[in-house]
Number of protein chains: 6
Amino acid sequence: MSIEKINARNQFKGKISTIIEGPVVSEIDVETPAGIVTSVITTRSVKDLELKIGTEVVALVKATEVSLAKLL
Amino acid sequence: MSIEKINARNQFKGKISTIIEGPVVSEIDVETPAGIVTSVITTRSVKDLELKIGTEVVALVKATEVSLAKLL
Amino acid sequence: MSIEKINARNQFKGKISTIIEGPVVSEIDVETPAGIVTSVITTRSVKDLELKIGTEVVALVKATEVSLAKLL
Amino acid sequence: MSIEKINARNQFKGKISTIIEGPVVSEIDVETPAGIVTSVITTRSVKDLELKIGTEVVALVKATEVSLAKLL
Amino acid sequence: MSIEKINARNQFKGKISTIIEGPVVSEIDVETPAGIVTSVITTRSVKDLELKIGTEVVALVKATEVSLAKLL
Amino acid sequence: MSIEKINARNQFKGKISTIIEGPVVSEIDVETPAGIVTSVITTRSVKDLELKIGTEVVALVKATEVSLAKLL
């Protein structure tokens, strides 16, 4: 199944730089022009997607999941 | 209450460039070095934080909220 | 940007049957073999994706967003 | 505490078919008429709810957590 | 469908004190012993659950949705 | 970076009473006047924030993440 377009307003393209694999979930760092974006997904998805150091991915975030804070 | 540090691994500093205000929730675009980051928060929070075009904010995303997709 | 595969473990293919449009967010019903799946996304995304009654879409849910309850 | 009704618009009834237990979180597959629905919850909740292969549960998803993608 | 128990680790019982109704989503304040807990749910759910000022409800939050911050 | 104010409508101040550390994510109980609030965050954040039993923190929840249920 190939997806043409997704509603996630926030999309950061980059390359995987770190994978910390756990028994159920894994933490993945993606190096993007915006800096490192970190994602926690299931370890089964890491395997299904065959994610490795260097794989090109896009990190996606729904707008409703983004919090805003004011700086001092 | 001032916060020293928060666990959200993904933090994007920037300036508010657009506010679309609705009766319950509002959509806010933040111009960051990583491009536009969009957030939907309650309109009450927009008022409590006194968010306006130009306000400096940080957009925060928990790592568990970030999805990853592989490109064609 | 075309996506090959996404980590969301839960994917429900279907056709849009209802769109309730609000000023900031919209509610969309997708008719799937599993019944109606309901999504709330930004109204801007509804327009960007050109979603209409009948559009074929896939509803995606991260496994970390799924709660479980035991029945009486 | 018994709950009469919950706001989650998306509810999938089924039986647990797989449990991958980790030290903090566990991944649970629920076999529903809609196919497999996968959930990640705390291992403490797995124990509190006494979830086992075959337990009847309902998988719940808030509409704000559902993303939509258009197919190619 | 009556639910016996749900995995959400964080449950706050209380009475609804405010409802701000929008066309798609509504904001609801629940007065709990822990203070006001605020929820944004679909307006359709507000109607389905027949929520009104004074209705007794329980506010539920998955542990993966809770962020932690350190104070100055 | 010090944060002045954040949009999360639900904020519970308290002291950490339990930490269950996993390889990727950890579960943290915070003792608040409202009772125990439980959070799952990355183990890297636990270390970055130097969270320990007794550390004073504030647990934050976006209003869009709060579900409501009606009691029997």
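What you see is a predicted model, and the numbers here were worked out from it, not measured in a lab. Per chain, numbering begins at 1; letters A, B, ... match sequence-line order.
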Can you find a heavy atom in the side chain of A:Q11 that is under 4.5 Å from one in the side chain of A:I6?
yes

Determine all donor-acceptor pairs shorter than 3.5 Å in which one atom belongs to a side chain in residues 49-58 of chain A; sequence neighbours excluded.
residue, atom, partner, partner atom, Å
A:T55, OG1, A:K52, N, 2.9
A:T55, OG1, A:K52, O, 2.9

D:V40, part contacting chain A, at a heavy-atom distance under 4.5 Å:
side chain

Counting only N and O atoms by type, is there a donor-acceptor contact under 3.5 Å from the side chain of A:N7 to the main-chain atoms of D:S67?
no

Residue-level interface, residues 41-48 of chain A with chain D, non-hydrogen cut-off under 4.5 Å
A:T42, A:R44

Search all heavy atoms of A:S17 against all heavy atoms of A:I36 and return the closest pair with its distance.
OG-CD1, 3.9 Å

In short, D:A8 meets D:L60 closest at the heavy-atom pair CB-CB, 4.0 Å

Flag side-chain contact, heavy atom, 4.5 Å: A:E27 against A:E21:
no

